[in-house]
Amino acid sequence: MMTRAEAIDFFRSDDLIGIGMAADAVRRKLHPENVVSYIIDRNINYTNFCTEYCSFCAFYRPMGHTEGYILPHETIFGKIQETIDLGGTGILMQGGLHPDLKIDWYEDLLRSIKQRFEIHCHCFSAPEITNIADVSGLSIRDTIARLRDSGLDSIPGGGAEILDDAVRHRISRLKCSTQDWIDVHRVAHSLGMRTTATMMFGCGETIEQRVNHLEVVRQIQEDTGGFTAFIPWSFQRENTSLGRFVKEEATAVEYLKTLAIARLYLPNIVNVQSSWVTQGLKTCQLGLRFGGNDVGSIMIEENVVSAAGAHHRASEEELRRIIRDAGFTPKQRDTLYRTYYLN
Ligand code: SF4
């Protein structure tokens, strides 16, 4: 496996094509059938109220703000029905950290969804889980177990940003620590639940801090095998307070290099996602030769990165076309990366 020193060397190297080819070799070994997958699902942001004030976030509203909301159940049900009508198989439901919503609120929401719909619930990132545990006076284990028993199927990797406390202290001081993020994912894996790992890079971190992140993720996966995928994103600065300090967003070269190094550093995670949401369709397509084997979601609705200036759109046909044109067979998958659809 790639060492930390090798990863740092690769980040410093200008040999983009060489790094891409090495990552492509790993991708080919793990996915010899030449398939690139995508999912049809929907992001549902049940509340934008949040107490954390992360400087990279343009989505949240402080408590009491007139633009703050909590979605009524009926609105959430309507969004799920639309998702199913469009061939969707899952929802990614996340929200701000609300100080008054205790676990009963989340249990009730999950149960009421599962009573009405057959849909995969990929919900509540690590900061939300730690918040629910805190405001409900529960352990992380009891919180996840109760949510699972109410219908939670898997946990998204959001809130990881860069898993290095020096970076977190600078950009999301109030939000959960590296150790909290690790604890949520390890506990979820130990309860038999699958999760994803994400990384938001380009927020002023050093190369070493980026490698620290990859190391944390690799170590968890070595121990548990619970991650289905690794999903790197680049920081989007528009409308964020961090954007006043980090003036330059990651370029396509930076993105492709980071994607390829992630593929090389994490051979124990089967799927690595090439993102069109932050990078646009063309860079996403190139990412399929830099280690990516999945293009993520059609995303019927997305509110978080679009609030921060990422306004790319894609239809299923467009995604299938960029996949085919890059030399792969497109296949719809579900949230757990099972591509059993006959397409
Ligand atoms: S990133 Fe999440 S925790 Fe941070 S301010 Fe935004 S909604 Fe709140």
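Just so you know, ligand 1 is whichever comes first in the structure, and atom 1 is the first atom listed for that ligand.
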Practice task
Would you please say whether a donor-acceptor pair under 3.5 Å links the side chains of S234 and Q279?
Solution key: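 Result is yes, a qualifying pair exists.
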Practice task
Establish, from distance only, whether the side-chain atoms of E222 and N268 form a donor-acceptor pair under 3.5 Å.
Solution key: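 A pair is found: one side chain offers a donor N or O, the other an acceptor, under 3.5 Å apart.
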Handout entry: Note, E128 side chain near Y46 side chain (heavy atom, < 4.5 Å)
Key =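 In short, these two side chains touch, coming nearer than 4.5 Å.
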Exercise for the section: Return yes when atom CZ of R116 has more than 12 non-hydrogen atoms of other residues, nucleotides or ligands closer than 6.0 Å, and no otherwise. Expected result: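 Yes.
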Practice task
Ignoring hydrogens and angles, tell me if any N or O in the side chain of N48 forms a donor-acceptor pair with the backbone of E67 under 3.5 Å.
Solution key: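 Yes: the side chain of N48 pairs with the backbone of E67.
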Practice task
Check the hydrophobic clustering (I, L, V, M, F, W, Y; side-chain heavy atoms under 4.5 Å; chains of links allowed) and say if I132 and I113 are grouped together.
Solution key: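 Yes; I113 is reachable from I132 via cluster members.
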Handout entry: Cut-off under 2.8 Å, centre atom 4 (Fe) of ligand 1, protein N/O/S atoms
Key =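 The answer is C54 SG.
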